[in-house]
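Report on the structure given below.
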Amino acid sequence: MSSVLAMILAGGEGTRLMPLTNSRSKPAVPFGGSYRLIDFVLNNFVNSGIFRIYVITQYKSQSLQMHLKKGWSVSGISGAFIDALPAQMRVSREWYQGTADAIYQNEGFIKDAFAENVCIFGSDHIYKMDVRAMINYHTINDADLTIAAVKMPVEACSKKFGIIEVDEKGRMIGFEEKPEQPKPIPGDDKNCLVSMGNYIFKSDILCKELKEDAQNNNSSHDFGKDIIPKMVERNRVFAYDVSGLYIEGEIKDCYWRDVGSIDSFYEAHMDLLGSNPKFRLNNPKWPMHTYYPPLAPANFTNTPNNDSEVSRSLISGGCNIDGATIKDSVLGFCCNANDGATVEGCVLIGDNIVGEDAKIKNAILDRKVEIAPGFALGYDREADAKLLKMDHNPPVRISENGIIVIPKGMKLGFDK
């Protein structure tokens with residue numbers, strides 16, 4: 001893997017995840033109680049033996065850069081690094097104009113690395129992947145570009161994913177970026193083959209394509225819209241289908257989820273729960289590294305009135321459950337649920353307080369949200385709808401599926 005350079009695109013605003021992205025970039029959004037979204041791609045590279053990694057940042061990158069500094073420093077290994085590359089306007093006076101432009105403006109780092117292959121991966125998907133196997137596939141096929149792909153139901157693909165067409169040998173013969181009517185796989189009219197947004201390029205081919213694209217004033221400078229369609233026509237481009245592949249110690253069905261919306265973010269959390277979750281965080285054969293602050297273990301206590309009850313939930317360090325009931329929920333660091341409180345089907349990002357006898361259901365609480373004693377959230381649609389009119393920046397949001405998102409620092413039920 002010494003001839004491989006990894007570049008992670010981590011500059012997205014994540015507007016569909018608002019208000020969770022109001023003060024942080026999308027890759028920095030906490031996930032699964034103890035992690036951030038970017039941890040999943042970083043773990044994929046590190047567990048695959050790839051230790052030369054650039055993280056390309058742009059919007060609201062401070063919390064992301066602090067997370068990298070605290071949890072992802074590499075020392076003692078010659079030539080190894082995990083470094084952030086903020087937008088520096090090396091080529092022009094503008095911010096990155098697209099995914100391809102983000103790499104083009106950092107082309108010098110590719111040349112300095114003398115890399116044979118460059119992995120360009122996204123930073124906001126939940127999955128596990130042995131990148132070595134994809135590199136081997138790329139090498140065996142003498143591909144100029146290999147794109148990681150996964151099968152998805154046709155009805156879930158419209159306007160959301162790049163759709164891939166391949167021949168019997170896996171070579172791409174067509175690509176369409178986020179079509180309204182995606183083409184199903186031949187012989188399988190229920191599924192499409194979609195791009196995961198993970199690419200492996202031969203470095204010389206990549207630099208050539210980026211330079212040509214940069215000189216095209218009509219280009220949007222995006223891999224999916226501009227680079228890939230042209231390369232499919234004139235280069236050796238292959239799709240690496242991860243469907244059916246799995247990491248040792250995982251369930252055999254490949255798990256991949258784009259958490260670009262509130263509903264998908266919430267559903268991915270629910271997939272973590274239960275005795276046989278769809279996605280495991282605790283596989284010892286694929287350790288999940290992150291920055292874990294120095295916290296005491298979660299504490300569960302009973303009160304004279306109530307016993308603490310926890311079922312189908314993940315509880316992070318520093319939490320205090322004091323006579324409360326927690327069901328089907330994920331609690332991040334340092335959450336407090338007090339006597340008689342009920343938390344059901346919720347995601348608590350961290351540093352949250354749920355007061356005595358309060359009830360919350362089907363909600364996402366961003367950091368430092370407090371719920372007043374006796375307050376109910378998620379049980380009365382009309383009452384919940386009134387929260388949308390509250391004077392708070394950013395405002396409360398309710399997703400298409402009815403998930404209530406309370407923005408950072410908000411206090412509910414204290415003003416009567």
Side-chain angles (χ1 to χ4, degrees), residues 8 10-43 55 57 59-72 84 122-127 257-273 277 279-282 288-295 298 313-319 326 328-337 343 345-354 360 362-371 394 397 399 403-410:
I8 300 173
E13 288 184 274
T15 53
R16 291 189 298 152
L17 279 180
M18 285 289 287
L20 301 179
T21 50
N22 181 64
S23 61
R24 59 174 79 91
S25 63
K26 184 178 177 183
V29 172
F31 182 88
S34 303
Y35 303 91
R36 296 190 183 234
L37 292 181
I38 196 169
D39 288 331
F40 294 89
V41 65
L42 284 170
N43 276 291
V55 180
T57 66
Y59 299 104
K60 303 173 186 176
S61 62
Q62 181 62 26
S63 62
L64 176 59
Q65 294 191 62
M66 291 300 296
H67 178 69
L68 294 174
K69 181 180 179 180
K70 291 178 180 179
W72 288 98
S123 59
D124 47 19
H125 299 155
I126 305 303
Y127 69 111
R257 187 182 282 275
D258 180 351
V259 289
S261 69
I262 289 296
D263 287 324
S264 62
F265 179 81
Y266 176 84
E267 291 162 4
H269 276 88
M270 297 301 106
D271 288 343
L272 303 175
L273 305 178
F279 186 78
R280 293 182 60 194
L281 294 174
N282 60 342
M288 290 295 296
H289 181 74
T290 185
Y291 169 67
Y292 202 99
L295 297 170
S313 297
L314 299 178
I315 312 295
S316 302
C319 288
I326 312 295
D328 302 320
S329 297
V330 178
L331 275 60
F333 298 126
C334 300
C335 292
N336 290 276
V343 177
C346 291
V347 178
L348 275 58
I349 297 297
D351 296 300
N352 303 119
I353 298 175
V354 182
I360 59 174
N362 297 341
I364 300 172
L365 309 188
D366 203 346
R367 197 174 301 281
K368 296 184 179 180
V369 169
E370 295 185 27
I371 306 296
R397 179 180 174 187
S399 74
I403 304 302
I404 307 165
V405 190
I406 307 300
K408 185 176 181 179
M410 193 170 187

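- Between the S261 side chain and the S264 main chain, a donor and an acceptor come within less than 3.5 Å of each other.
- A distance-only check finds no donor-acceptor pair linking the side chain of N43 to the backbone of V41 [under 3.5 Å].
- Interatomic distance, T15 OG1 to N22 CG, rounded to the nearest 0.5 Å: 12.0 Å.
- Remark: K70 engages M66, Y291 in a side chain to side chain contact (heavy atoms under 4.5 Å, CB included) (not counting sequence neighbours).
- To the nearest 0.5 Å, atom OH of residue Y35 and atom CG of residue L272 are 9.5 Å apart.
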Decide yes or no on side-chain contact (heavy atoms from CB on, under 4.5 Å) for N362 and Y266, but give the supporting numbers first. CA-CA 9 Å; N362 297 341; Y266 176 84; 3.4 Å; yes

May I have the step-by-step check of side-chain contact (heavy atoms from CB on, under 4.5 Å) for R24 and L64, ending in yes or no? CA-CA 7 Å; R24 59 174 79 91; L64 176 59; over 6 Å; no

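- For NZ of K368, the number of neighbouring non-hydrogen atoms (other residues, nucleotides, ligands) closer than 6.0 Å is 12 at most.
- Between F40 and F279, the ring planes lie tilted relative to each other; the angle falls in the 30° to 60° range.
- At least one side-chain heavy atom of L42 sits less than 4.5 Å from a side-chain heavy atom of L68.
- Remark: D258 pairs with no residue by the side chain to side chain donor-acceptor pair (under 3.5 Å) rule, at least two apart or across chains.
- In this structure, W72 and V55 have side chains that are not in contact, with every pair of non-hydrogen atoms separated by 4.5 Å or more.
- Side chain of S399 to main chain of I262: no donor-acceptor pair is present (N/O by atom type, distance under 3.5 Å, no hydrogens or angles).
- You'll find the side chain of S34 stays beyond 4.5 Å of the side chain of M288, heavy atoms only.
- Across every non-hydrogen atom of C319 and L331, the tightest pair is SG-CB, 4.1 Å.
- Inter-residue side-chain proximity for I403 and F265 is flagged as unmet; no heavy-atom pair is nearer than 4.5 Å.
- The backbone N or O of G71 sits less than 3.5 Å from a side-chain atom of H289, completing a donor-acceptor pair.
- The shortest heavy-atom contact between H269 and F31 is CE1-CD1, 3.2 Å.
- Closest heavy-atom contact between V369 and P407: CG2-O, 3.1 Å.
- In this structure, the side chains of H67 and D39 come closer than 4.5 Å at one or more pairs of heavy atoms.
- With P27 as the fixed residue, the side chain to side chain contact (heavy atoms under 4.5 Å, CB included) test singles out one of T57, I38, T21: I38.
- With sequence neighbours left out, the side chain to side chain donor-acceptor pair (under 3.5 Å) criterion links D271 to Y255, R257.
- Salt-bridge annotation for R367 and D351: present, with a side-chain N of the basic residue lying under 4.0 Å from a carboxylate O of the acidic one.
- Note that CD1 of I364 is 9.0 Å distant from SG of C346, once rounded to the nearest 0.5 Å.
- Not a single donor-acceptor pair under 3.5 Å links the side chain of K26 to the backbone N or O of L17.
- Contact detail for D366 and K408: the closest heavy-atom pair is CB-N, 3.5 Å.
- In this structure, V330 and G32 approach most closely via the heavy-atom pair CG1-C, 3.8 Å.
- Side-chain contact between L365 and I371: present, with at least one pair of heavy atoms (C-beta onward) separated by less than 4.5 Å.
- Rounded to the nearest 0.5 angstrom, L348 CG and C334 SG are separated by 12.0 Å.
- The shortest heavy-atom contact between S123 and I8 is CB-CG2, 3.5 Å.
- Counting only distance, with no hydrogens or angles, the side chain of H125 and the backbone of V259 share no donor-acceptor pair below 3.5 Å.
- At least one donor-acceptor pair closer than 3.5 Å links the side chain of S329 to the backbone N or O of G345.
- Note that OG of S25 and OH of Y59 are 11.5 Å apart. Values are rounded to the nearest 0.5 Å.
- Note: I360 CD1 to I406 CD1 = 9.0 Å, rounded to the nearest 0.5 Å.
- In this structure, the side chain of R397 does not engage the main chain of P19 through any donor-acceptor pair within 3.5 Å.
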